[in-house]
Amino acid sequence: MFTGIIEAVGKISALTPKGADISVTVDSGSLDLADVKLGDSIATNGVCLTVVKLTDKGYVADLSLETLHRTAFANYKAGQVVNLEKAMLATTRFGGHMVSGHIDAVAEVIERQHIGRAIEFWIKVPPQLAKYISEKGSVAVDGISLTVNAVRGDEFKLTIVPHTAAETTMADFSVGRKINLEVDVIARYLERLMLGDKAAEKQSQVTMDLLARTGFLG
């Protein structure tokens with residue numbers, strides 16, 4: 001589990017094919033790895049990766065086909081700058097929100113403009129995720145815990161203050177950039193809980209029952 005408060009910015013130094021999977025080597029920059037051991041988790045641009053090797057400059061992790069399919073890692077090359085956060089401790093100050101490091105989808109930056117000293121971004125998400133995003137709610141964008149300032153359909157607005165821009169990769173975000181998006185995990189749990197006993201049924205039948213109950217089927 002993570003908080004979405006970025007500890008350092010690193011860089012991918014190598015992406016190495018390993019059969020059907022890929023091994024990623026990360027230069028962790030100023031991230032303190034003194035307390036990191038093999039098997040520990042580090043959120044890398046919001047993706048929870050398991051450390052399989054420690055190097056002089058950082059760490060190595062494996063990327064499965066599922067990870068490549070679900071995240072923007074499929075577009076990354078050596079030199080890609082990434083946000084880094086070690087897994088939280090029981091004593092960690094909870095400055096962000098609950099972030100699992102399990103990416104829901106790849107979203108896209110569609111607008112960027114400066115508002116005073118801040119940067120305003122509009123992000124477009126896959127339509128099926130729009131229901132989980134609410135004004136003043138939380139999202140994780142490339143691992144950064146952020147507050148949604150406005151919503152319009154399947155798009156939402158972020159206002160990035162100078163400190164966040166300076167301490168993360170967001171200053172480099174431009175229109176068309178693909179980003180890793182994780183919606184609020186509590187919203188997902190609540191959705192599942194509200195199904196009650198219906199959760200054990202096949203999704204198609206559950207969906208039909210919900211549509212009927214809400215009047216969408218007449």
Side-chain angles (χ1 to χ4, degrees), residues 1-109 123 125-126 129 138-146 164 167-170 172-173 177-186 188:
M1 189 64 70
F2 307 91
T3 68
I5 302 301
I6 303 305
E7 296 180 87
V9 172
K11 182 181 294 185
I12 293 177
S13 54
L15 288 163
T16 308
K18 296 286 187 180
D21 302 330
I22 288 179
S23 174
V24 58
T25 303
V26 179
D27 180 338
S28 57
S30 62
L31 187 68
D32 183 7
L33 298 181
D35 60 346
V36 174
K37 60 184 184 300
L38 299 188
D40 284 354
S41 297
I42 298 179
T44 307
N45 256 16
V47 183
C48 178
L49 297 181
T50 301
V51 175
V52 298
K53 180 180 179 181
L54 290 167
T55 69
D56 291 340
K57 293 185 176 182
Y59 60 93
V60 178
D62 292 326
L63 298 174
S64 67
L65 288 178
E66 172 70 9
T67 301
L68 291 171
H69 174 69
R70 290 274 188 175
T71 73
F73 262 93
N75 303 313
Y76 291 174
K77 296 178 174 60
Q80 173 82 33
V81 179
V82 289
N83 298 308
L84 303 176
E85 181 191 356
K86 294 183 292 187
M88 65 181 293
L89 303 173
T91 55
T92 300
R93 185 186 297 276
F94 212 134
H97 73 283
M98 292 175 62
V99 177
S100 69
H102 301 153
I103 304 303
D104 291 297
V106 175
E108 182 179 356
V109 177
I123 311 294
V125 305
L129 293 181
S138 296
V139 292
V141 169
D142 275 358
I144 311 163
S145 175
L146 297 168
T164 302
E167 297 297 324
T168 71
T169 60
M170 291 204 74
D172 297 327
F173 281 17
R177 182 184 176 109
K178 305 297 185 182
I179 56 174
N180 295 317
L181 176 71
E182 181 184 333
V183 299
D184 187 354
V185 66
I186 295 177
R188 281 198 169 281

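Side-chain atoms are counted along with the backbone in the values below, which use heavy atoms only and exclude waters and symmetry mates.
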> Start with the C-alpha gap between Asp104 and Leu129, add the side-chain angles, then the distance that decides, and say whether side chain to side chain contact (heavy atoms under 4.5 Å, CB included) holds.
CA-CA 8 Å; Asp104 291 297; Leu129 293 181; 3.9 Å; yes
> Do Thr44 and Leu84 touch side chain to side chain, with heavy atoms closer than 4.5 Å?
yes
> Of all the heavy-atom pairs spanning Ser28 and Ala8, show the shortest one and how long it is.
O-CB, 4.2 Å
> Under 4.5 Å between any side-chain heavy atoms of Thr50 and Asp62, yes or no?
no
> Could you check whether any side-chain heavy atom of Val60 comes within less than 4.5 Å of a side-chain heavy atom of Val24, counting everything from C-beta outward?
no
> Apply side chain to side chain contact (heavy atoms under 4.5 Å, CB included) to residues Glu85 and Thr3 and explain how you reach the verdict.
CA-CA 8 Å; Glu85 181 191 356; Thr3 68; 2.9 Å; yes
> Look only at the side chain of Glu7 and the backbone of Leu31, and say whether a donor-acceptor pair between them is shorter than 3.5 Å.
no
> Apply side chain to side chain contact (heavy atoms under 4.5 Å, CB included) to Ile42 and Tyr59, showing your working.
CA-CA 9 Å; Ile42 298 179; Tyr59 60 93; 3.5 Å; yes
> Please name the pair of heavy atoms, one in Ile103 and one in Gly46, separated by the smallest distance, quoted to 0.1 Å.
CD1-O, 3.3 Å
> Which donor-acceptor pairs under 3.5 Å do the side chains of residues 70-80 make with protein atoms, sequence neighbours left out?
{"residue": "Arg70", "atom": "NE", "partner": "Glu66", "partner atom": "OE2", "Å": "3.0"}
{"residue": "Thr71", "atom": "OG1", "partner": "Thr67", "partner atom": "O", "Å": "2.8"}
{"residue": "Thr71", "atom": "OG1", "partner": "Phe73", "partner atom": "N", "Å": "3.2"}
{"residue": "Tyr76", "atom": "OH", "partner": "Asn45", "partner atom": "ND2", "Å": "2.8"}
{"residue": "Tyr76", "atom": "OH", "partner": "Asn180", "partner atom": "ND2", "Å": "3.4"}

> Dump the intermediate steps for side-chain hydrogen bond (donor to acceptor under 3.5 Å, both in side chains) on Ser138 and Asp184, then the final yes or no.
CA-CA 6 Å; Ser138 296; Asp184 187 354; 5.5 Å; no
> Is there a donor-acceptor pair closer than 3.5 Å between any side-chain N or O of Glu182 and the backbone N or O of Val99?
no
> Determine all donor-acceptor pairs shorter than 3.5 Å in which one atom belongs to a side chain in residues 13-20; sequence neighbours excluded.
{"residue": "Ser13", "atom": "OG", "partner": "Thr25", "partner atom": "O", "Å": "3.2"}

